[in-house]
Asks: 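Can you read through this structure? Questions will come right after.
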There are 2 protein chains.
Amino acid sequence: MTGTTSQARRSDATRTAILAAARERFAADGYERATIRAIARDAAIDPSMVMRYYGNKEGLFAAAIDLDLRMPEPYAGPDGDAGRVLVRHFLDLWEENEVLTALLRVGVTNEAGAARMQELFKEQILPVALRLCPDPAEAPTRAALGASQVLGLALGRYVLKFPPTVAMSRDEIVEWLAPTIQRYLTAERP
Amino acid sequence: MTGTTSQARRSDATRTAILAAARERFAADGYERATIRAIARDAAIDPSMVMRYYGNKEGLFAAAIDLDLRMPEPYAGPDGDAGRVLVRHFLDLWEENEVLTALLRVGVTNEAGAARMQELFKEQILPVALRLCPDPAEAPTRAALGASQVLGLALGRYVLKFPPTVAMSRDEIVEWLAPTIQRYLTAERP
DNA sequence: CTTGTTGGTCAACGTCTGTTGGCAAACGTA
DNA sequence: TACGTTTGCCAACAGACGTTGACCAACAAG
């Protein structure tokens with residue numbers, strides 16, 4: 001052995017190549033059609049290497065969608081354009097890499113993927129809503145409403161590719177969605 | 001031959017049993033995991049019957065998701081609670097059978113499914129927006145925004161099963177979403 | 001009764017899947 | 001040099017998949 005803790009291994013390049021290929025394939029094809037053989041081909045290695053480094057397909061998927069939403073701190077401004085900040089942040093997240101697309105595509109047909117999405121909601125989205133909502137008891141409902149709008153837009157824009165949704169500019173999306181999110185999180189119950 | 005046009009065939013019961021089983025499986029499992037063998041087992045017939053009646057798996061899927069959204073006529077009331085009417089109508093559609101769940105689950109990972117969703121949007125949703133929007137040129141964008149909210153909610157409630165989204169009552173959902181849809185369709189551009 | 005059509009089963013095909021174990025080369029250390 | 005470990009490839013397994021064609025039973029028409 002060359003070291004005690006997390007020494008750089010000679011195979012790190014291969015490991016990350018596998019992970020990158022896996023994210024691409026999961027994002028493009030979903031869980032079933034993203035075969036280990038295809039991922040290995042993209043990474044230019046043998047399929048058996050995937051098994052050695054990630055155990056099995058589920059392990060590979062778990063490693064591929066390990067992400068942090070980096071939710072913004074509670075907004076400090078006088079009152080809320082929290083909606084604007086949040087919508088912009090999610091657009092950034094969705095466009096900076098394919099992890100979220102992969103997660104959404106897989107979550108729809110795969111148990112583990114759906115579970116991971118629920119986890120992200122509970123551990124990273126809900127806390128933000130708890131700080132912004134007037135009544136903490138309403139936070140889960142309000143957060144879920146906001147998530148539904150953001151997920152729905154991402155679905156139409158990055159997965160189903162509805163032409164009008166794809167054609168909108170980022171700024172247009174922010175201007176349209178921000179008031180919705182703002183209302184879901186902070187407005188008085190209808 | 002017993003008749004000239006669309007005579008009742010002796011195999012109609014089998015045909016509809018296959019279709020019902022197919023909708024269930026597609027809704028529960030998505031395209032790949034809904035195997036013809038499993039569908040045939042549910043319908044208590046041989047897999048080869050599916051091939052004979054629907055040609056191949058794609059043909060079966062096409063037959064299984066042939067649906068009409070039955071969009072309501074342009075609302076006659078003084079001004080709009082079009083939002084309320086539309087949200088309630090979509091909740092009805094999603095809950096009356098599994099076709100829409102099947103379509104969403106498949107559309108996310110299957111080309112034909114996504115294409116069918118775009119078709120439904122263009123042919124059945126867009127016309128409604130054209131009647132309700134102030135400026136017809138904005139109708140596609142506004143309709144797409146409305147679709148994103150409705151699809152997002154359905155995703156959370158019927159597919160991903162986010163606990164807070166599942167827990168909401170139909171009336172709660174209508175009260176929260178209706179103003180959003182109303183604004184997307186009719187309010188002045190932000 | 002005979003005959004053609006329809007409804008249905010059975011067994012098999014070729015292909016693709018995730019996964020496994022063995023073997024060879026490259027490497028780090030002594 | 002010698003030796004254990006890491007990295008990688010190759011070939012194969014067993015199971016599941018969509019799909020096919022041969023075959024049998026029930027029926028309707030002459």
Asks: For B:Y158 and B:W94, take the angle between the two ring planes, folded into 0 to 90°, and tell me which bin it lands in: parallel under 30, tilted 30 to 60, perpendicular over 60.
Replies: parallel
Asks: In this structure, how many angstroms lie between the C1' atom of D:dT6 and the CD1 atom of A:I45, rounded?
Replies: 15 Å
Asks: Expressed in angstrom and rounded to an integer, what is the separation of A:K57 atom NZ from D:dA16 atom C1'?
Replies: 13 Å
Asks: Spell out yes or no: do the side chain of B:R52 and the base of C:dG7 have one donor N/O and one acceptor N/O closer than 3.5 Å?
Replies: yes
Asks: Could you label the plane-to-plane angle of the A:F26 and A:Y31 rings as parallel, tilted or perpendicular, counting under 30° as parallel and over 60° as perpendicular?
Replies: parallel
Asks: Could you give the OH-to-P distance, from B:Y53 to C:dT9, as a whole number of Å?
Replies: 9 Å
Asks: Does B:S11 make a side-chain N or O approach to OP1 or OP2 of C:dT6 shorter than 4.0 Å?
Replies: no
Asks: How close or far is atom P of C:dG7 from atom CZ of B:R10, stated in whole angstroms?
Replies: 6 Å
Asks: Which listed nucleotide (D:dG8, C:dC10, D:dT19) is nearest to the side chain of B:P47?
Replies: D:dT19
Asks: For B:M51 and D:dT20, what is the distance between atoms CE and P respectively, to the nearest whole Å?
Replies: 5 Å
Asks: Which nucleotide in the list C:dT17, D:dG8, C:dG7 gets nearest to the side chain of A:R37?
Replies: C:dT17
Asks: Of A:S48 and B:A34, whose nearest nucleotide on DNA chain D comes first from the 5' end?
Replies: A:S48
Asks: Could you check whether the rings of A:F162 and B:F121 sit parallel, tilted or perpendicular, using 30° and 60° as the cut-offs?
Replies: tilted
Asks: Between B:E32 and A:T109, do the side chains contain an N or O donor and an N or O acceptor separated by less than 3.5 Å?
Replies: no
Asks: Can you tell me the distance, in whole Å, between the CG atom of A:N56 and the P atom of C:dT20?
Replies: 8 Å
Asks: Can you tell me the distance, in whole Å, between the CG atom of B:D12 and the C1' atom of C:dG8?
Replies: 15 Å
Asks: Decide yes or no for B:L151 and A:L151: does some side-chain heavy atom of the first lie under 4.5 Å from some side-chain heavy atom of the second?
Replies: no
Asks: What does A:T14 touch in the nucleic acid at a heavy-atom separation under 4.0 angstrom: a base, only the sugar-phosphate, or nothing?
Replies: sugar-phosphate
Asks: Of all the nucleotides listed (D:dG18, C:dG18, C:dG7), which has the minimum atom distance to the side chain of B:I36?
Replies: D:dG18
Asks: Can you tell me the distance, in whole Å, between the CZ atom of A:R33 and the P atom of C:dG18?
Replies: 13 Å
